[in-house]
Enquirer: 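If you scroll down you'll find the structure; I have some questions about it.
In what follows, every heavy atom counts, from backbone to side chain, and hydrogens, waters and symmetry copies are set aside.
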Amino acid sequence: MPRLSEVIAALENLWPAERAESWDAVGTVVGDPDQEVSRVLFAVDPVQEIVDEAVKLDADLLVTHHPLYLRGTTTVAASTFKGRVVHTLIKNDIALHVAHTNADTADPGVSDALAGALDLRVVGPLVPDAADPSGRRGLGRICELDHPLTVRELALKAAERLPATAQGIRVAGDPEATVRTIAVSGGSGDSLFDQVRAAGVDAFLTADLRHHPVSEARAHSPLALLDAAHWATEWPWCELAATQLDEISDRNGWGLRVHVSDTVTDPWTAHAASNPPTRTTGAPN
């Protein structure tokens, strides 16, 4: 069995820490470099229910996309929910490693996995990494559809292919408009509207879209917007990353057992659809 330091070196080769954004917190959070690793669990969020799943699985390493501590802290006391996560990990000899924005821009990365889940053909990055001479790394992906779909059909496909969440898929734009090209970006994407418009695509699929940026984006162009749950747009990366580590394990003869958590950690738990709109006089109460 490999040591943690060997597995982490392989993960750092996939997602070098120096490629993360300056504000990000990536890398190994908990773990003894000399401990042996036989079982690895991938998940989006380092929350208690995922850590408990790692304990039940008898995992030695938990790899998550989201950081545990994105901002500084002065305590890891078990009386805090993040401190409890740390205590549970250490007590059970489970290491935690985070690949966040360095996985977003990787080749392949989070948006490649999102595109793959929808059978989209990746043309290139939405925001290319200037440090990549091959032009393959970067944030988001510009994609083509093998066959044109309406916005409505594309939204239904996204709802079917991505993990089920309370939110589902929200749409802004003409549901019957035709989509041949689309930009995708796993996670929060409403800061990318300028790049999406410049790409000249028919639609943009991302998460966490807010009222004012969407309203302004719709005023600028007929671009259709598809808003999925943040967790759902990033979960496909877990399967991609697990496959990458499986391949590394096979090449090195490590015999790792690699798992992907299907526990839904999206914080939204229910959705109540509005009644069909009716014509009213004046503003609603």
Enquirer: I'd like a table of donor-acceptor pairs (distance under 3.5 Å, sequence neighbours excluded) in which one partner is a side-chain atom from residues 195-202, with atom names and distances.
Expert:
from: Arg197; atom 1: NH2; to: Asp194; atom 2: OD1; distance (Å): 2.7
from: Asp202; atom 1: OD2; to: Arg180; atom 2: N; distance (Å): 2.8
from: Asp202; atom 1: OD2; to: Thr181; atom 2: N; distance (Å): 3.1
from: Asp202; atom 1: OD2; to: Thr181; atom 2: OG1; distance (Å): 3.4

Enquirer: Got a sec, which residues hit side chain to side chain contact (heavy atoms under 4.5 Å, CB included) with Ala77, two or more places apart in sequence or on another chain?
Expert: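 Only Thr75, Ser79 meet the side chain to side chain contact (heavy atoms under 4.5 Å, CB included) criterion with Ala77.
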Enquirer: Show every salt bridge (charged side-chain N to carboxylate O under 4.0 Å, His left out) that has at least one partner inside residues 163-176, sequence neighbours left out.
Expert: Arg152-Glu176, Arg170-Asp227
Enquirer: How does the hydrophobic cluster around Leu226 look, that is, which other residues are in it when side-chain heavy atoms under 4.5 Å mark a link?
Expert: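 Taking Ile, Leu, Val, Met, Phe, Trp and Tyr as members, Leu226 shares its hydrophobic cluster with Leu114, Leu118, Leu120, Leu145, Leu149, Val151, Leu154, Leu162, Ile169, Val171, Val179, Ile182, Val184, Leu205.
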Enquirer: Taking only residues at least two apart or on different chains, which pairs with a member in residues 76-91 satisfy salt bridge (charged side-chain N to carboxylate O under 4.0 Å, His left out)?
Expert: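 Salt bridge (charged side-chain N to carboxylate O under 4.0 Å, His left out) check on residues 76-91 returns no pairs.
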Enquirer: Among all residues two or more places apart in sequence or in another chain, which pass the ring pair (Phe, Tyr, Trp, His ring centres under 6.0 Å) test with His66?
Expert: His100, His230
Enquirer: Under the rule for side chain to side chain contact (heavy atoms under 4.5 Å, CB included), what residues qualify as partners of Pro125, not counting sequence neighbours?
Expert: Pro128, Arg141
Enquirer: Please name all residues satisfying side chain to side chain contact (heavy atoms under 4.5 Å, CB included) with Pro33, sequence neighbours left out, ordered by chain then number.
Expert: Ser5
Enquirer: Is there any ring pair (Phe, Tyr, Trp, His ring centres under 6.0 Å) pair reaching into residues 252-272, and which pairs are they, with sequence neighbours excluded?
Expert: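 Applying ring pair (Phe, Tyr, Trp, His ring centres under 6.0 Å) to every pair that reaches into residues 252-272, excluding sequence neighbours, yields nothing.
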Enquirer: Side chain to side chain contact (heavy atoms under 4.5 Å, CB included) with Asp58: which residues, sequence neighbours excluded?
Expert: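 Not a single residue meets the side chain to side chain contact (heavy atoms under 4.5 Å, CB included) criterion with Asp58.
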Enquirer: Does Arg71 have any salt bridge (charged side-chain N to carboxylate O under 4.0 Å, His left out) partners at least two apart in sequence or in another chain, and if so, which?
Expert: none
Enquirer: Ring pair (Phe, Tyr, Trp, His ring centres under 6.0 Å) with Trp237: which residues, sequence neighbours excluded?
Expert: Trp15, His65
